[in-house]
Structures are given as structure tokens and as C-alpha cells.
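One structure is given below, encoded as C-alpha cells.
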Amino acid sequence: VSGYKKLDDSFFEELEEILIQADLGVQTSMDLVETLRIKTKESKIEVAHEAIAMLKKQIQQMLGDDNPSMNLQKDALTVILVVGVNGAGKTTSIAKMAYQLKEQGNKVILAAGDTFRAAATEQLEKWSQDIGVSLIKQKEGADPAAVAYDALQSAIAKKADVLIVDTAGRLHTKINLMEEIKKIKRVLERELPGAPHETLLVLDASTGQNAIEQAKLFNKATGITGIVLTKLDGSAKGGIVIPIADRLDIPVKWIGVGENKEDLKPFNPKDYTDTLFS
Amino acid sequence: SLSEKIQHAFAGLKKKGTLGEDDVMKALKEVQIALLEADVNYKVVKSMMQDIKEKAIGKRVMESLSPAQQVIKIVNEELTSMMGKEQASIVLSPNPPTIIMLCGLQGAGKSTTCAKLANHFKKEHKKVMMAACDVYRPAAIKQLQVLGEALDIPVFFLGDSVSPVDIAKGAIEKAKKSAVDILLVDTAGRMHIDEQMMDELVQMKQEIKPHEILLVVDAMTGQDALHVAEHFNQGLDIDGLLLSKMDGDARGGAAISAKAVTGKPIKFLGTGEKIGDLEAFHPERMASRILG
Ligand SMILES: Nc1nc2c(ncn2[C@@H]2O[C@H](COP(=O)(O)OP(=O)(O)OP(=O)(O)O)[C@@H](O)[C@H]2O)c(=O)[nH]1
Ligand SMILES: Nc1nc2c(ncn2[C@@H]2O[C@H](COP(=O)(O)OP(=O)(O)OP(=O)(O)O)[C@@H](O)[C@H]2O)c(=O)[nH]1
Ligand SMILES: [Mg+2]
Ligand SMILES: [Mg+2]
């Protein structure tokens, strides 16, 4: 796009194509390009790279300009609940977060809240051993709310700094599973007022428009304080976080860029917006 | 729904009398938007709209008493034909074991699908075995073992410090000795742009010569589905596609993109987390789902 000499129709069409292919969605892409057409005319911008810079600013505003941070409690236990659809990267992201928080000097405890899927507890257990943090678990088929309760009691007793609760993957369309996640949240809230201090929605960067529906329904069920956008080391851009931030006011807090424990970075709106056009 | 939008686009025009090309183009814009919102890839939508436009700008629509209905029919026909007509199934080899290899991105549903397929063939009275070739993901081998145990289907494994190719070869030897009819090879999830991991799959294909290579694609995948399917097909010449998590409310445009770019048939649908949640693919049903 930077090769264009003038801001003609094909320039704006190509911008729209880039946004749509980055999964921003048709509506958001058309709106952004339409706004850009108007603003470039108003500001008498006639050079491609200036127009692109203006578009990037628009997108950054939608994402929220400043780097969103985690709501970590000072000298008190922070409880983080992690939710999302099947296979998004919840368990792996929890391991990455636990590693980072431990490196920062926090005492971290994990709760194996997925009591449904084959070897889900074993998967988190391997990670907890690898990282060197305690894991609270129960047998397969146990009530996940009971595991959450157990883990919270243990975290309080052991004076942990952070408790991260893993949950089973679930489609937002499954009402009984969404009720289950509400119950887990209620149990945490009841046992520690203010908990969970963060409820993170894990979203796979290759997800299409369905991500908006996911964000809406998970937000409705438990409230979502932030998104972990995973698998950005692929070719997908994860653009659906832009309409999600704009319409639901939910910020991206972390990005996953690989399968190892170090592969988690804080979300930076400017860097992210730059990669949309790289 | 798209049908309603098309009806609406034409509703205002009926009073004018005869339809012009511009009128039909207005309705087609709705179709283009609907396909993109259904996650069909931008390039695939562009080429589909060419075909749809050619059929729509003609007597069939413009001289029809119900042009909206005609346009809806054209779009439906286009989608259904793109989905593939054949009731594609897995053809078993006359020299057992038939080797089926599953591949795809991280978290797509391969391991779960592996068990579902194993169960599907076991119910058809075939002797089945699974091979645990994911040596990277923590407890991946355990996951397949737990699934196999519940189904009373043997899982061949050599732990996670043996190469996936060697595990697969060992599985084939064991399968032949145990008169196994079908061997399902589960592989680790990987990015299509990870050259080293894609080379590993190419090497596995060369060494074990699977009869069937299935790419598992998450039904909620967006624009990237095209690139994923293209790369896996270029590297492996896959035999079929399998769409997982169809029990959600994703429109599933990824199916069209993957099918369009590979030309390979969609063989099965994953429709839930339980072992029995595996269904045959029906092109017309998929077409109407994508149209919403
Ligand atoms: N390349 C890459 N792979 C990732 C990333 N995050 C997670 N994965 C992989 O994605 C797959 C699924 O990750 P999990 O952590 O099991 O996902 P989950 O959401 O807990 O899955 P369920 O509990 O089954 O719903 C694994 O193979 C992970 O290694 C990432 O940022 N990049
Ligand atoms: N709702 C639903 N969930 C599914 C379906 N297929 C798989 N899953 C779930 O998706 C998640 C990921 O499944 P896995 O089988 O672990 O995926 P995978 O491709 O083997 O993952 P990696 O080996 O890490 O690449 C699990 O929570 C499964 O239960 C499906 O058709 N519907
Ligand atoms: Mg998990
Ligand atoms: Mg797997």
C-alpha cells in the first residue's frame, strides 16, 4: 500500500482488504476506511504513508492507547480466573503467566480446574513441576468449583501472592457449561471478596468473527477483565480484538507467541498495530 | 439472515418494473458482506462473487417474478457446489493396516478426533490402534492413553524422547504383528509457517506412507484458514479435511476457504467433546449454515 502515489479508490480498497484479511471484520474495516477517506480529505493528506499513519492511530485508539496492566493486589492474594473455548491456549498461557510471576518474586499456586478433559490435570501438573509452583488438583470428574474452593483455601493458608485457576474449554453456546463457569466465579467471590481480581479470556489469534460472540457471552457470564491473544507466532493477525475492544471495552493484556514458558508478552497496542501492516 | 437481506434489497425495486444490472449489484453486495462475515477468505469471496455475478446478471434473475428467490438460489448453488458433492469417506487399504495420519494447527482437535475416528471404526468391527506421536505437548501421550483406555483401543507409545517418526514406524510394526486393520497416527499441533515442524511431517509421510492424511481445521478459524490449508496441502498433498467444533455457532466459512484452496474433500465433522461426536459431512447443510 505504501507504493501508492495518490489516495485513489484502489488505495482505500487495498486498505480495506488488508483489514478484512487481518480478521477485523467487514463492518469495522469498512468503517475505518470510510473514516480515513473523510479525515484525509479534511486534513489534505495526499501521501500514502501519512494516510497509513493516520489509520494506525485510529486503530490504536480503538484498542486503548496505553499498555493495559494486570490488577495485581498489593500485599494481598490476587486471584486470576482463566476461561475460553476449547483449545485456545488456556493451560499453556497459565503456565507462562505462572513462570513470569514467579520470576518476579511472587509465590504462585495453580488450580487444576479442568476436571473433564482427558489428562487435563496431568498437563497442568507437568507444567507446575517444570516451573516449580504448587498445584491444587482433584480426581477427574470432580466439581471444578470444589477444586477452585480448595485451591483458594490453600492459597490463603500458604499466604500465596497469586492463585491462577484453570478451567475446561467450553463453547459459549453451551448454557450448562456457562452456568458452571459462573458458579466457579461465585465460589471464588464468596470465599475472598474481590476475587477473581482478573478474569482473562484466552482467544486464539486465528479465530474469525465468532470471537466477538465468545467475548460477548463470556463477558455476560463472568465479566472479562482482559484478553490473552494466543498463537500470534502463526500467520493470523488476531484482528478481532479490535472490534472487541471497541464494542465491549475489553483490553488485550497478553499475547502468546509460542509454546514455551517464556513465550508470553504484555500487549502493546502500538507494536501490534504496526504488525497489522507488516 | 442473508435471504432476508437479499429480499430486502429487492423489495424496494419491485415497484420500478424491470430490473437493471445496478439493482442486482446492490443485492450482490449483501452477499459479499455475508460471506466475509461468515469467515470465508477475502480472495475466495472475490472469485465466488465473479461466478455469482455472471449467473445473476441475466434473464434468470432480471426477468423473474421473484428475483430475490433466484439470487438466493444461485448463491446456494454456488456454495453447495464449492463444498463438494461427494459423500467422501475413508477408503480402506486391501493391505492392512490402513494408516491414517492427523495433522493441523495447535489446539485444532486432532487428539480428540483421533479417538473419535478410532471409535467410529471399532464400531464397524475393525481392529484399531492409535499411535501417540506428539512428543512435545506436556501429557499429550497420556491424553491419548486415557482416551484409548476408555475405548479399549490400544495406544502405541514410546515416550517423549523418541522421535515422532520412529514412534510411527514402531506402531506400524506392532500393528502388522497384531493384525490391526486401521492405525491412526496422532501428531503434534504445529504452525504451517514453522518450516522445521512441517519438514518433520513431510519426513513422516515419506517414512510411513499413510493411506490417508487428514487436516483438522477448527470451524471457527477466520481468514487464516486459507493459508493453513494451502501450506499443509502443498507440503503433504493431504487426502481430506476434517472440521472440528462444528457444535459451536461459528458460521464455518473456513470450510469453504480450505476446500477451495486445496480441492480436497471434507470427510468428517467434529460436533462435540464426546467420543461419539463425529458426523458425516453434508454439503447442502454446510452451505445453508454459512449463508445463515
Ligand atoms: N504456537 C503456539 N502454540 C500455542 C500458544 N498457546 C498455546 N499453544 C498450543 O496450543 C495447544 C492448546 O493449548 P492448551 O493450553 O492445551 O489449550 P487449552 O485452552 O487449555 O485447551 P482445552 O483445555 O482443551 O480447552 C497446545 O499445543 C499449546 O502448546 C501460542 O501462543 N503459540
Ligand atoms: N466442542 C468441541 N470441542 C472439541 C471438538 N474437538 C475437540 N474439542 C476440544 O478441543 C480441545 C482441543 O482438543 P485436542 O484434541 O487436545 O486438540 P489437538 O489438536 O490435539 O491439540 P494439540 O495437540 O495441542 O495441537 C479439547 O478441549 C477438546 O475436547 C469438537 O468437535 N467440539
Ligand atoms: Mg486446558
Ligand atoms: Mg493433540
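Atom CD of A/Glu262 sits in a crowded spot, with more than 12 heavy atoms from other residues, nucleotides or ligands closer than 6.0 Å. For A/Lys137, the NZ atom is loosely surrounded, since the number of other residues' heavy atoms within 6.0 Å does not exceed 12. Counting non-hydrogen atoms of neighbouring residues, nucleotides and ligands closer than 6.0 angstrom, the NZ atom of A/Lys56 exceeds 12 such neighbours. Residue-environment remark: CD1 (A/Ile38) exceeds the threshold of 12 foreign heavy atoms within 6.0 Å. Residue B/Gln234 qualifies as enclosed at atom CD: its count of foreign heavy atoms under 6.0 Å is above 12. The environment of B/Phe157 atom CZ is sparse: at most 12 non-hydrogen atoms of other residues, nucleotides or ligands sit within 6.0 angstrom. The number of heavy atoms from other shown groups lying within 6.0 Å of CD (A/Gln129) is above 12.
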side-chain contact (heavy atoms from CB on, under 4.5 Å) for B/Glu273 and A/Arg170? Distances and angles first, verdict last.
CA-CA 9 Å; B/Glu273 293 194 71; A/Arg170 68 204 62 226; 5.6 Å; no

Run the side-chain contact (heavy atoms from CB on, under 4.5 Å) check on B/Thr221 and A/Thr207 step by step: do they pass?
CA-CA 4 Å; B/Thr221 311; A/Thr207 310; over 6 Å; no

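Contact annotation: the side chain of B/Ile33 approaches that of A/Met30 to within less than 4.5 Å [non-hydrogen atoms, C-beta and beyond]. Looking only at side-chain heavy atoms (C-beta outward), A/His172 and B/Asp249 come within less than 4.5 Å of each other. Contact of the B/Met220 side chain with the A/Asp204 side chain is not registered, since no non-hydrogen atoms from C-beta on lie closer than 4.5 Å. By the 4.5 Å heavy-atom criterion applied to side chains, A/Lys231 and B/Met191 are counted as neighbours.
At a 4.5 Å heavy-atom cutoff, the contact between A/Gln123 and chain B is made by backbone and side-chain atoms alike. Heavy atoms closer than 4.5 Å to chain B are found in both the backbone and the side chain of A/Gln209. Neither the backbone nor the side chain of A/Glu125 comes within contact range of chain B, judged by heavy atoms closer than 4.5 Å. Both the backbone and the side chain of A/Asp233 have a heavy atom closer than 4.5 Å to some heavy atom of chain B.
If you tally non-hydrogen atom pairs under 4.5 Å between each of B/Leu144, B/Ile193, B/Val146 and chain A, the highest count goes to B/Ile193. Most heavy-atom pairs under 4.5 Å with chain B: of the set A/Arg117, A/Lys174, A/Gln214, this distinction falls to A/Arg117. Of the residues considered (A/Gln21, A/Glu140, A/Glu213, A/Lys126), A/Gln21 shows the highest number of contacts with chain B, using heavy-atom pairs under 4.5 Å. Contact count against chain A (heavy-atom pairs under 4.5 Å) is highest for B/Gln106 among B/Gln106, B/His227, B/Lys46. Most heavy-atom pairs under 4.5 Å with chain A, from the set B/His231, B/His192, B/Arg137: that is B/Arg137.
In terms of modelled atom types and a separation under 3.5 Å, the side chain of A/Asn210 and the main chain of B/Arg251 share no donor-acceptor contact. Side-chain atoms of B/Lys245 come within 3.5 Å of backbone N or O of A/Asn86 as a donor-acceptor pair.
In this structure, CE on B/Met197 lies 7.0 Å from CD on A/Glu259, to the nearest 0.5 angstrom. B/Leu36 contributes atom CG, which lies 10.0 Å from atom CD of A/Glu17 (distance to the nearest 0.5 angstrom). One distance of note links CG of B/Asp39 with OG of A/Ser206; it measures 10.0 Å at 0.5 Å rounding. Atoms OH and CG, from B/Tyr42 and A/Asp23 in turn, are 14.0 Å apart once rounded to the nearest 0.5 Å. Put simply, CG on A/Leu171 and CG on B/Asp247 are 5.0 Å apart, with the number rounded to the nearest 0.5 Å.
Across every non-hydrogen atom of B/Ala139 and A/Ala119, the tightest pair is O-CB, 3.9 Å. Looking at every heavy atom in both residues, A/Thr173 comes nearest to B/Gly248 through OG1-CA, 4.0 Å.
The pair A/Lys237-B/Asp224 does not count as a salt bridge, with every side-chain nitrogen at least 4.0 angstrom from each carboxylate oxygen.
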